[in-house]
**Q** 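Provided herewith is a single structure, encoded as C-alpha coordinates, for subsequent inquiry.
Counting starts at 1 for both ligands and their atoms, following the listed order. Numbers here simply count residues along the sequence, with the first being 1.
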Amino acid sequence: MVYRVYNFNPGPATLPLTVLQEAQKELLDYRGLGMSVMEISHRSREFEEIVNSAEALMLELLGLSSEEYQVLFLQGGASLQFAMVPLNFLPPGATADYIITGSFAKKASQEAEMLGKVHVAASTKDNNFRSIPSQDDIKLSESPAYIHLTSNNTIYGTQWQYIPDCGEVPLIADMSSDILSRELEMNRFFLVYAGAQKNLGPAGVTVVIIKKSLLDQASKNIPAILSYKAHAEAHSLYNTPSSFSVYILRLVLNWVKEKGGLKAVEELNNRKAALIYNVIDNSGGFYQGHAVREDRSAMNVTFRLPDDNREKAFAEEAAREGLIGLKGHRSVGGIRASIYNAMPLEGVEALANFMKEFLNRKG
Ligand SMILES: *Cc1c(COP(=O)(O)O)cnc(C)c1O
(Lines give C-alpha, C1' and ligand atoms only; values in the text may rest on other atoms or scores of the structure.)
Protein backbone atom coordinates (compact mmCIF):
# COMPACT_ATOMS: atom_id res chain seq x y z
CA MET A 1 0.00 0.00 0.00
CA VAL A 2 1.13 3.55 -0.81
CA TYR A 3 1.49 5.96 2.08
CA ARG A 4 -1.44 8.42 1.95
CA VAL A 5 -2.49 10.84 4.69
CA TYR A 6 -5.93 12.35 5.13
CA ASN A 7 -5.35 15.79 3.66
CA PHE A 8 -7.66 18.51 5.03
CA ASN A 9 -5.88 21.36 3.24
CA PRO A 10 -8.16 24.04 1.78
CA GLY A 11 -6.52 24.08 -1.65
CA PRO A 12 -4.72 22.67 -3.43
CA ALA A 13 -6.66 19.87 -1.84
CA THR A 14 -6.91 16.12 -1.80
CA LEU A 15 -7.76 14.33 -5.06
CA PRO A 16 -9.53 10.99 -5.46
CA LEU A 17 -6.96 8.20 -5.20
CA THR A 18 -8.43 6.36 -8.18
CA VAL A 19 -7.98 9.48 -10.32
CA LEU A 20 -4.31 9.70 -9.38
CA GLN A 21 -3.88 6.00 -10.09
CA GLU A 22 -5.50 6.29 -13.47
CA ALA A 23 -3.29 9.25 -14.38
CA GLN A 24 -0.27 7.29 -13.20
CA LYS A 25 -1.23 4.31 -15.31
CA GLU A 26 -1.40 6.28 -18.53
CA LEU A 27 1.27 8.85 -17.69
CA LEU A 28 4.08 7.60 -19.91
CA ASP A 29 1.96 6.46 -22.83
CA TYR A 30 -1.35 8.21 -23.28
CA ARG A 31 -3.62 5.78 -25.11
CA GLY A 32 -0.99 4.37 -27.42
CA LEU A 33 0.54 7.69 -28.50
CA GLY A 34 3.89 6.91 -26.89
CA MET A 35 3.77 10.31 -25.18
CA SER A 36 2.24 11.66 -22.00
CA VAL A 37 -0.80 13.89 -22.19
CA MET A 38 1.52 16.77 -21.18
CA GLU A 39 3.56 16.30 -24.32
CA ILE A 40 0.85 16.18 -26.96
CA SER A 41 -0.38 19.16 -28.93
CA HIS A 42 -3.32 21.02 -27.49
CA ARG A 43 -4.61 21.07 -31.07
CA SER A 44 -4.46 17.28 -31.41
CA ARG A 45 -7.57 15.15 -31.80
CA GLU A 46 -6.77 13.46 -28.49
CA PHE A 47 -6.63 16.69 -26.55
CA GLU A 48 -9.70 18.08 -28.24
CA GLU A 49 -11.54 14.96 -27.11
CA ILE A 50 -10.46 15.67 -23.53
CA VAL A 51 -11.74 19.26 -23.68
CA ASN A 52 -15.00 18.29 -25.36
CA SER A 53 -15.79 15.46 -23.00
CA ALA A 54 -14.88 17.53 -19.93
CA GLU A 55 -17.18 20.28 -21.13
CA ALA A 56 -20.05 17.88 -21.82
CA LEU A 57 -19.61 16.08 -18.49
CA MET A 58 -19.55 19.36 -16.58
CA LEU A 59 -22.86 20.46 -18.10
CA GLU A 60 -24.40 17.02 -17.62
CA LEU A 61 -23.44 16.88 -13.94
CA LEU A 62 -24.73 20.41 -13.33
CA GLY A 63 -27.97 19.74 -15.21
CA LEU A 64 -27.36 22.47 -17.80
CA SER A 65 -27.88 22.35 -21.55
CA SER A 66 -25.23 23.17 -24.13
CA GLU A 67 -27.84 25.22 -26.00
CA GLU A 68 -27.94 27.68 -23.13
CA TYR A 69 -24.53 27.44 -21.49
CA GLN A 70 -20.90 27.22 -22.50
CA VAL A 71 -18.06 25.87 -20.39
CA LEU A 72 -14.61 27.46 -20.58
CA PHE A 73 -11.31 26.16 -19.23
CA LEU A 74 -9.15 29.17 -18.46
CA GLN A 75 -6.09 29.98 -16.36
CA GLY A 76 -5.22 32.62 -13.78
CA GLY A 77 -7.28 31.10 -10.97
CA ALA A 78 -10.46 32.48 -9.49
CA SER A 79 -8.48 35.67 -8.90
CA LEU A 80 -8.32 36.42 -12.62
CA GLN A 81 -12.10 36.01 -12.72
CA PHE A 82 -12.38 38.76 -10.10
CA ALA A 83 -11.03 41.06 -12.85
CA MET A 84 -12.50 39.40 -15.95
CA VAL A 85 -16.08 39.64 -14.70
CA PRO A 86 -16.11 43.45 -14.44
CA LEU A 87 -13.86 43.85 -17.51
CA ASN A 88 -16.44 42.02 -19.58
CA PHE A 89 -19.69 43.00 -17.90
CA LEU A 90 -19.31 46.35 -16.15
CA PRO A 91 -19.69 49.01 -18.85
CA PRO A 92 -18.63 52.63 -18.19
CA GLY A 93 -21.08 54.41 -15.91
CA ALA A 94 -22.78 51.20 -14.75
CA THR A 95 -22.83 49.79 -11.21
CA ALA A 96 -22.17 46.21 -10.13
CA ASP A 97 -23.62 44.84 -6.89
CA TYR A 98 -21.45 42.69 -4.64
CA ILE A 99 -22.44 40.68 -1.60
CA ILE A 100 -19.56 40.55 0.83
CA THR A 101 -19.42 37.34 2.84
CA GLY A 102 -15.68 36.93 3.28
CA SER A 103 -12.19 37.76 2.07
CA PHE A 104 -12.55 36.40 -1.45
CA ALA A 105 -15.85 38.24 -1.95
CA LYS A 106 -14.10 41.40 -0.79
CA LYS A 107 -11.21 40.84 -3.19
CA ALA A 108 -13.63 40.33 -6.05
CA SER A 109 -15.37 43.63 -5.28
CA GLN A 110 -12.05 45.47 -4.98
CA GLU A 111 -11.07 44.40 -8.47
CA ALA A 112 -14.42 45.65 -9.80
CA GLU A 113 -13.85 48.98 -8.03
CA MET A 114 -10.72 49.44 -10.14
CA LEU A 115 -12.88 49.33 -13.24
CA GLY A 116 -16.21 50.87 -12.35
CA LYS A 117 -18.79 51.53 -9.67
CA VAL A 118 -19.52 48.97 -6.99
CA HIS A 119 -22.49 48.88 -4.65
CA VAL A 120 -22.25 46.62 -1.60
CA ALA A 121 -25.69 45.02 -1.59
CA ALA A 122 -25.07 43.23 1.71
CA SER A 123 -22.15 42.40 3.97
CA THR A 124 -21.67 40.25 7.04
CA LYS A 125 -18.35 41.83 7.97
CA ASP A 126 -19.87 43.19 11.20
CA ASN A 127 -20.14 39.70 12.65
CA ASN A 128 -16.76 38.62 11.28
CA PHE A 129 -18.44 36.75 8.42
CA ARG A 130 -20.17 34.17 10.63
CA SER A 131 -23.31 34.27 8.53
CA ILE A 132 -24.87 34.70 5.10
CA PRO A 133 -27.26 37.60 4.47
CA SER A 134 -30.96 36.79 4.24
CA GLN A 135 -32.95 37.85 1.20
CA ASP A 136 -34.25 40.83 3.21
CA ASP A 137 -30.72 41.95 4.05
CA ILE A 138 -29.88 42.34 0.36
CA LYS A 139 -30.40 45.90 -0.88
CA LEU A 140 -29.74 46.16 -4.60
CA SER A 141 -28.77 49.35 -6.39
CA GLU A 142 -31.14 50.91 -8.89
CA SER A 143 -30.13 48.94 -11.95
CA PRO A 144 -27.09 46.77 -11.38
CA ALA A 145 -25.14 45.39 -14.33
CA TYR A 146 -24.87 42.14 -12.36
CA ILE A 147 -24.90 40.76 -8.83
CA HIS A 148 -21.88 38.85 -7.52
CA LEU A 149 -21.78 36.43 -4.61
CA THR A 150 -19.43 33.78 -3.22
CA SER A 151 -21.36 30.54 -2.75
CA ASN A 152 -19.01 29.03 -0.16
CA ASN A 153 -16.67 31.04 2.01
CA THR A 154 -13.58 28.89 2.21
CA ILE A 155 -11.89 30.86 5.00
CA TYR A 156 -14.89 31.47 7.30
CA GLY A 157 -16.76 28.21 6.69
CA THR A 158 -20.13 29.59 5.64
CA GLN A 159 -22.19 28.56 2.63
CA TRP A 160 -25.26 29.98 0.92
CA GLN A 161 -28.22 27.69 1.57
CA TYR A 162 -30.49 29.51 -0.90
CA ILE A 163 -30.12 31.33 -4.18
CA PRO A 164 -31.19 34.95 -3.79
CA ASP A 165 -33.92 36.29 -6.00
CA CYS A 166 -32.32 38.85 -8.30
CA GLY A 167 -35.17 39.44 -10.70
CA GLU A 168 -33.81 39.94 -14.19
CA VAL A 169 -30.32 40.97 -13.08
CA PRO A 170 -27.59 38.47 -14.02
CA LEU A 171 -26.38 36.56 -10.97
CA ILE A 172 -22.69 35.68 -10.98
CA ALA A 173 -21.08 33.36 -8.45
CA ASP A 174 -17.60 32.40 -7.33
CA MET A 175 -18.09 28.68 -6.62
CA SER A 176 -14.41 27.85 -6.21
CA SER A 177 -14.87 25.86 -3.04
CA ASP A 178 -18.22 24.16 -3.53
CA ILE A 179 -18.85 23.61 -7.22
CA LEU A 180 -20.18 20.10 -7.93
CA SER A 181 -20.67 19.46 -4.21
CA ARG A 182 -24.48 19.63 -4.14
CA GLU A 183 -27.57 19.87 -6.27
CA LEU A 184 -28.39 23.48 -7.08
CA GLU A 185 -30.68 25.22 -9.52
CA MET A 186 -27.73 26.11 -11.70
CA ASN A 187 -29.86 27.75 -14.36
CA ARG A 188 -30.50 30.63 -11.93
CA PHE A 189 -26.88 31.69 -12.50
CA PHE A 190 -25.62 33.58 -15.54
CA LEU A 191 -21.96 32.99 -14.85
CA VAL A 192 -20.21 30.70 -12.42
CA TYR A 193 -16.46 30.34 -11.97
CA ALA A 194 -14.20 28.12 -9.91
CA GLY A 195 -10.50 27.62 -9.53
CA ALA A 196 -10.09 23.86 -9.86
CA GLN A 197 -7.79 23.20 -6.93
CA LYS A 198 -10.50 22.75 -4.31
CA ASN A 199 -13.23 20.57 -5.67
CA LEU A 200 -12.36 19.85 -9.28
CA GLY A 201 -8.74 18.92 -9.80
CA PRO A 202 -5.26 20.38 -9.72
CA ALA A 203 -4.36 24.08 -9.69
CA GLY A 204 -3.83 25.67 -13.09
CA VAL A 205 -7.26 25.45 -14.64
CA THR A 206 -10.25 27.65 -13.84
CA VAL A 207 -13.69 26.59 -14.94
CA VAL A 208 -16.17 29.20 -16.17
CA ILE A 209 -19.76 28.30 -16.98
CA ILE A 210 -21.48 31.10 -18.81
CA LYS A 211 -24.97 31.61 -20.14
CA LYS A 212 -24.81 32.30 -23.85
CA SER A 213 -27.29 35.18 -23.57
CA LEU A 214 -24.85 36.91 -21.20
CA LEU A 215 -21.88 36.11 -23.38
CA ASP A 216 -23.55 38.08 -26.17
CA GLN A 217 -23.41 41.18 -23.97
CA ALA A 218 -19.70 40.93 -23.13
CA SER A 219 -17.47 43.91 -23.89
CA LYS A 220 -15.65 43.76 -27.22
CA ASN A 221 -13.02 46.37 -26.46
CA ILE A 222 -10.73 44.38 -24.24
CA PRO A 223 -7.62 42.29 -24.91
CA ALA A 224 -8.51 38.85 -26.28
CA ILE A 225 -6.83 36.93 -23.45
CA LEU A 226 -9.26 38.63 -21.01
CA SER A 227 -12.32 38.27 -23.21
CA TYR A 228 -14.91 35.55 -22.56
CA LYS A 229 -15.99 35.92 -26.17
CA ALA A 230 -12.50 35.20 -27.49
CA HIS A 231 -12.15 32.12 -25.28
CA ALA A 232 -15.65 30.93 -26.17
CA GLU A 233 -15.10 31.35 -29.90
CA ALA A 234 -11.84 29.42 -29.67
CA HIS A 235 -13.52 26.72 -27.59
CA SER A 236 -11.07 27.21 -24.69
CA LEU A 237 -8.12 26.87 -27.07
CA TYR A 238 -7.43 30.55 -27.73
CA ASN A 239 -3.93 29.88 -26.42
CA THR A 240 -2.22 26.86 -24.91
CA PRO A 241 -4.37 25.69 -22.01
CA SER A 242 -3.15 24.12 -18.79
CA SER A 243 -3.49 20.80 -20.55
CA PHE A 244 -2.47 18.39 -17.80
CA SER A 245 -4.83 20.10 -15.34
CA VAL A 246 -7.70 19.87 -17.82
CA TYR A 247 -6.92 16.18 -18.30
CA ILE A 248 -7.04 15.50 -14.54
CA LEU A 249 -10.19 17.56 -14.27
CA ARG A 250 -11.82 15.30 -16.84
CA LEU A 251 -10.87 12.26 -14.75
CA VAL A 252 -12.38 13.91 -11.66
CA LEU A 253 -15.62 14.62 -13.54
CA ASN A 254 -15.80 10.95 -14.55
CA TRP A 255 -15.26 10.02 -10.92
CA VAL A 256 -18.13 12.27 -9.78
CA LYS A 257 -20.39 10.67 -12.37
CA GLU A 258 -19.40 7.17 -11.26
CA LYS A 259 -20.14 8.12 -7.65
CA GLY A 260 -23.73 8.74 -8.73
CA GLY A 261 -23.65 12.42 -9.66
CA LEU A 262 -24.44 15.41 -7.49
CA LYS A 263 -27.32 13.85 -5.57
CA ALA A 264 -25.12 11.07 -4.23
CA VAL A 265 -22.17 13.37 -3.70
CA GLU A 266 -24.32 15.85 -1.77
CA GLU A 267 -25.69 13.12 0.51
CA LEU A 268 -22.22 11.95 1.34
CA ASN A 269 -20.95 15.51 1.86
CA ASN A 270 -23.79 16.23 4.28
CA ARG A 271 -23.06 13.04 6.19
CA LYS A 272 -19.39 13.95 6.42
CA ALA A 273 -20.05 17.50 7.62
CA ALA A 274 -22.62 16.31 10.19
CA LEU A 275 -20.04 13.99 11.75
CA ILE A 276 -17.78 16.93 12.64
CA TYR A 277 -20.52 19.41 13.52
CA ASN A 278 -22.04 16.84 15.89
CA VAL A 279 -18.77 16.57 17.79
CA ILE A 280 -18.60 20.38 17.98
CA ASP A 281 -22.20 20.67 19.19
CA ASN A 282 -21.78 17.93 21.81
CA SER A 283 -18.46 19.13 23.20
CA GLY A 284 -19.96 21.29 25.98
CA GLY A 285 -18.43 24.40 24.40
CA PHE A 286 -14.90 23.00 24.12
CA TYR A 287 -15.12 23.28 20.33
CA GLN A 288 -16.74 26.52 19.16
CA GLY A 289 -17.90 26.67 15.56
CA HIS A 290 -17.22 29.95 13.75
CA ALA A 291 -20.28 29.92 11.48
CA VAL A 292 -23.84 30.27 12.72
CA ARG A 293 -25.64 26.94 12.45
CA GLU A 294 -28.01 27.84 9.60
CA ASP A 295 -25.17 28.92 7.33
CA ARG A 296 -22.58 26.26 8.09
CA SER A 297 -20.52 25.03 5.18
CA ALA A 298 -20.44 21.37 4.22
CA MET A 299 -17.03 21.99 2.63
CA ASN A 300 -14.96 23.94 5.19
CA VAL A 301 -15.64 23.33 8.88
CA THR A 302 -14.13 26.10 11.03
CA PHE A 303 -13.87 26.02 14.80
CA ARG A 304 -11.88 27.24 17.78
CA LEU A 305 -10.60 25.57 20.92
CA PRO A 306 -10.47 27.27 24.35
CA ASP A 307 -6.94 28.65 23.87
CA ASP A 308 -4.03 28.96 21.45
CA ASN A 309 -2.00 26.27 23.17
CA ARG A 310 -4.64 23.62 22.72
CA GLU A 311 -5.28 24.72 19.14
CA LYS A 312 -1.61 24.29 18.38
CA ALA A 313 -1.49 20.91 20.11
CA PHE A 314 -4.63 19.81 18.26
CA ALA A 315 -3.16 20.47 14.81
CA GLU A 316 0.21 18.94 15.72
CA GLU A 317 -1.14 15.78 17.29
CA ALA A 318 -3.65 15.29 14.49
CA ALA A 319 -0.83 15.56 11.95
CA ARG A 320 1.07 12.80 13.78
CA GLU A 321 -1.97 10.59 13.25
CA GLY A 322 -2.03 11.31 9.54
CA LEU A 323 -4.69 14.05 9.65
CA ILE A 324 -2.93 16.99 8.05
CA GLY A 325 -3.72 20.56 6.93
CA LEU A 326 -6.04 21.42 9.83
CA LYS A 327 -4.63 24.75 10.88
CA GLY A 328 -7.17 27.55 10.31
CA HIS A 329 -6.63 30.60 8.12
CA ARG A 330 -4.82 33.42 9.91
CA SER A 331 -7.85 35.73 9.74
CA VAL A 332 -10.08 33.30 11.69
CA GLY A 333 -7.51 31.28 13.61
CA GLY A 334 -8.33 27.95 15.17
CA ILE A 335 -8.96 24.89 13.08
CA ARG A 336 -10.36 24.41 9.60
CA ALA A 337 -11.18 21.01 8.15
CA SER A 338 -11.68 21.18 4.41
CA ILE A 339 -13.75 18.18 3.42
CA TYR A 340 -14.35 18.57 -0.29
CA ASN A 341 -15.84 15.84 -2.51
CA ALA A 342 -12.61 13.86 -2.64
CA MET A 343 -12.20 13.57 1.15
CA PRO A 344 -13.41 10.05 1.92
CA LEU A 345 -15.89 9.33 4.71
CA GLU A 346 -13.14 7.35 6.50
CA GLY A 347 -10.99 10.49 6.74
CA VAL A 348 -13.80 12.45 8.35
CA GLU A 349 -14.57 9.57 10.72
CA ALA A 350 -10.92 9.52 11.75
CA LEU A 351 -11.02 13.27 12.40
CA ALA A 352 -14.27 13.06 14.41
CA ASN A 353 -12.78 10.27 16.54
CA PHE A 354 -9.61 12.27 17.07
CA MET A 355 -11.69 15.28 18.16
CA LYS A 356 -13.56 13.19 20.74
CA GLU A 357 -10.39 11.65 22.04
CA PHE A 358 -8.65 15.06 22.26
CA LEU A 359 -11.63 16.49 24.15
CA ASN A 360 -11.45 13.61 26.66
CA ARG A 361 -7.77 14.24 27.29
CA LYS A 362 -7.64 18.03 27.23
CA GLY A 363 -11.18 19.20 27.93
C1 LIG B 1 -9.35 29.69 -3.21
C2 LIG B 1 -10.42 30.65 -3.56
C3 LIG B 1 -10.16 31.74 -4.42
C4 LIG B 1 -8.79 32.05 -4.97
O5 LIG B 1 -8.49 31.17 -5.95
P6 LIG B 1 -7.16 31.28 -6.85
O7 LIG B 1 -7.38 30.18 -7.82
O8 LIG B 1 -6.01 31.10 -5.94
O9 LIG B 1 -7.16 32.63 -7.50
C10 LIG B 1 -11.22 32.56 -4.73
N11 LIG B 1 -12.46 32.34 -4.25
C12 LIG B 1 -12.73 31.32 -3.42
C13 LIG B 1 -14.11 31.12 -2.90
C14 LIG B 1 -11.72 30.45 -3.05
O15 LIG B 1 -11.97 29.43 -2.22
**Q** Please indicate whether K212 has more than 12 foreign heavy atoms, meaning atoms of other residues, nucleotides or ligands, lying under 6.0 Å from its NZ.
**A**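 Yes, the 6.0 Å shell around NZ holds more than 12 heavy atoms from other groups.
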**Q** Among all protein non-hydrogen atoms, which one is nearest to atom 4 (C) of ligand 1, and what is the separation to 0.1 Å?
**A**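 In this structure, atom 4 (C) of ligand 1 has F104 CE2, 3.6 Å as its nearest protein heavy atom.
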**Q** Name the closest protein heavy atom to atom 5 (O) of ligand 1, giving the residue it belongs to and the distance to 0.1 Å.
**A**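 Sorting protein heavy atoms by distance from atom 5 (O) of ligand 1 puts A78 CB, 3.5 Å first.
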**Q** Can you check whether D174's main-chain N or O pairs, donor with acceptor, with Q81's side chain at less than 3.5 Å?
**A**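 Not at all, since once roles are kept as given, no pair shorter than 3.5 Å links the two residues.
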**Q** Ligand 1 versus F82, non-hydrogen atoms closer than 4.0 Å: side chain, backbone, both, neither?
**A**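 Near ligand 1, F82 shows its side chain, while the N, CA, C and O stay back.
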**Q** Looking only at protein heavy atoms, which one is nearest to atom 15 (O) of ligand 1, and how far off is it?
**A**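 The closest heavy atom on the protein side is T154 OG1, 2.4 Å.
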**Q** Taking the ring centre of each residue, are Y247 and F47 less than 6.0 Å apart?
**A**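 No, the ring centres sit 6.0 Å or more apart.
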**Q** Is there a nitrogen or oxygen of T150 sitting under 3.5 Å from a nitrogen or oxygen of ligand 1?
**A**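 No.
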**Q** Is it possible for you to check whether K272 lies under 6.0 Å from the centre of the six-membered ring of Y6, through NZ or CZ, and within 45° of that ring's axis?
**A**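 Pair K272/Y6 does not count as cation-pi.
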**Q** Are H148 and Y98 an aromatic pair, judged by ring center distance below 6.0 Å?
**A**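 Close enough - the centres of the two rings lie under 6.0 Å apart.
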**Q** Atom 8 (O) of ligand 1: which protein heavy atom is closest, and how many Å away?
**A**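 Sorting protein heavy atoms by distance from atom 8 (O) of ligand 1 puts Q197 NE2, 3.5 Å first.
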**Q** Which residue owns the protein heavy atom closest to atom 9 (O) of ligand 1, what's the atom, and how far is it?
**A**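 Here the nearest protein heavy atom works out to S79 OG, 2.6 Å.
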**Q** Would you say that more than 12 heavy atoms from the other residues, nucleotides or ligands in this model lie under 6.0 Å from the NZ of K211, or not?
**A**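 More than 12 heavy atoms, drawn from other residues, nucleotides or ligands, come within 6.0 Å of this atom.
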**Q** Can you pull out the closest protein heavy atom to atom 14 (C) of ligand 1? Residue, atom name and distance to 0.1 Å, please.
**A**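 Of every protein heavy atom, K198 NZ, 2.9 Å lies nearest to atom 14 (C) of ligand 1.
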**Q** Yes or no: does Q81 have any heavy atom under 4.0 Å from an atom of ligand 1?
**A**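 Q81: no contact with ligand 1 (<4.0 Å).
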**Q** What about F89 and F190, are their ring centers closer than 6.0 Å?
**A**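 For F89 and F190, the ring centres are not under 6.0 Å apart.
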**Q** Take every heavy atom of N153, measure it against each atom of ligand 1, and state whether any distance is under 4.0 Å.
**A**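 It does not, in that no heavy atom of N153 comes within the 4.0 Å cut-off of ligand 1.
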